[in-house]
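Reviewing the structure listed below.
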Amino acid sequence: EVQLVESGGGLVQAGGSLRLSCAASGFTFDDYAIGWFRQAPGKAREGVSCISSSDGGKTYYTDSVKGRFTISSDNAKNTVYLQMNFLKPEDTAVYYCAAMPRVLHRAWMTSAIYHYWGQGTQVTVSS
């Protein structure tokens, strides 16, 4: 059974930090790139970051999180992390991790190419 399980969300004050984890199982981790998406109430889902660890650790970030968020992967644990620093109220959303065939990693912001999705974890940043 394929599973992507996010954890690490919570409530934090503006300027604070959180680290999200995405634990994957049930598929060949090395064949997939892992992306993070978020969706705030009333807004469309947006791509936040992506890592293709089998492509030299290639990483991608949306402009609004560059310099604040860092994505990393522990292939031994089949887990991807999203370290979020200097959080802002506008980062408030449900965060999802998702897996796509790594050959498509350059199209990482296109949610339709992802095969598997987690259930999401809530991140709330208070002002």
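Throughout, numbering of the chain's residues begins at 1 and tracks the sequence. Quick note: numbers below take in every heavy atom, side chains included, and nothing from hydrogens, waters or symmetry partners.
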Minimum side-chain heavy-atom gap Arg38-Val65 below 4.5 Å: yes
State, yes or no, whether a side-chain contact exists between Glu46 and Ser111 at a heavy-atom distance under 4.5 Å. no
So, are Asp30 and Arg102 salt-bridged, with charged N and O less than 4.0 Å apart? no
Enter the distance from Ser25:OG to Lys77:NZ here, rounded to the nearest 0.5 Å. 15.5 Å
Let me check something: do Ile71 and Trp108 share a hydrophobic cluster, defined by ILVMFWY side-chain heavy atoms less than 4.5 Å apart, either directly or through other members? no
In Å and rounded to the nearest 0.5 Å, what is the CD to CZ distance from Gln39 to Phe37? 11.0 Å
Is there a side-chain contact between Ile34 and Cys22, using heavy atoms and a 4.5 Å cut-off? yes
Does the side chain of Glu90 come under 3.5 Å of the side chain of Thr92 through a donor N or O and an acceptor N or O? no
Is a donor on one side and an acceptor on the other found under 3.5 Å between the side chain of Glu1 and the backbone of Gly26? no
Do the ring planes of Tyr116 and Tyr32 sit parallel (below 30°), tilted (30 to 60°) or perpendicular (above 60°)? tilted
Using the rule that Ile, Leu, Val, Met, Phe, Trp and Tyr join whenever any side-chain heavy atoms are under 4.5 Å apart, tell me whether Trp36 and Val94 fall into a single cluster. no
cation_pi(Arg19, Tyr81) dist<6.0 Å, angle<=45: yes
Lys58 charged N/C atom sitting above Tyr60 aromatic ring, 6.0 Å / 45°: yes
Quick one: does any side-chain atom of Gln83 pair with a main-chain N or O of Thr70 as donor and acceptor, under 3.5 Å? no
Using 4.0 Å as the upper bound for N to carboxylate O, is an ion pair formed by Asp63 and Lys66? yes
Out of curiosity, Asn85 CG to Arg68 CZ, how far, rounded to the nearest 0.5 Å? 9.0 Å
Roughly how far, to the nearest 0.5 Å, is the CG atom of Asp91 from the CE atom of Met84? 7.0 Å
Quickly, which of Leu4, Val80, Leu82 forms a side-chain contact (heavy atoms from CB on, under 4.5 Å) with Cys97? Name it, please. Leu4
Cluster check Tyr61, Met109: I/L/V/M/F/W/Y, side chain < 4.5 angstrom: no
Tell me whether Tyr114 is reachable from Phe29 by hopping between hydrophobic residues (I, L, V, M, F, W, Y) whose side-chain heavy atoms are closer than 4.5 Å. no
Row check, Trp117 ring normal vs Arg45 NZ/CZ: under 6.0 Å, within 45°: yes
Is there a path of hydrophobic side-chain contacts, each under 4.5 Å between heavy atoms of I, L, V, M, F, W or Y residues, that connects Leu20 with Val12? yes
Exercise: do Asp74 and Thr79 side chains pair donor with acceptor under 3.5 Å: no
Determine whether a donor-acceptor pair (N or O, by modelled atom type, separation under 3.5 Å) exists between the side chain of Thr124 and the backbone of Leu11. no
Can you tell if the side chain of His115 reaches within under 4.5 Å of the side chain of Met100, non-hydrogen atoms only? no
Does the plane of the ring in Tyr95 sit parallel, tilted or perpendicular to the ring in Phe69? Use 30° and 60° as the thresholds. tilted
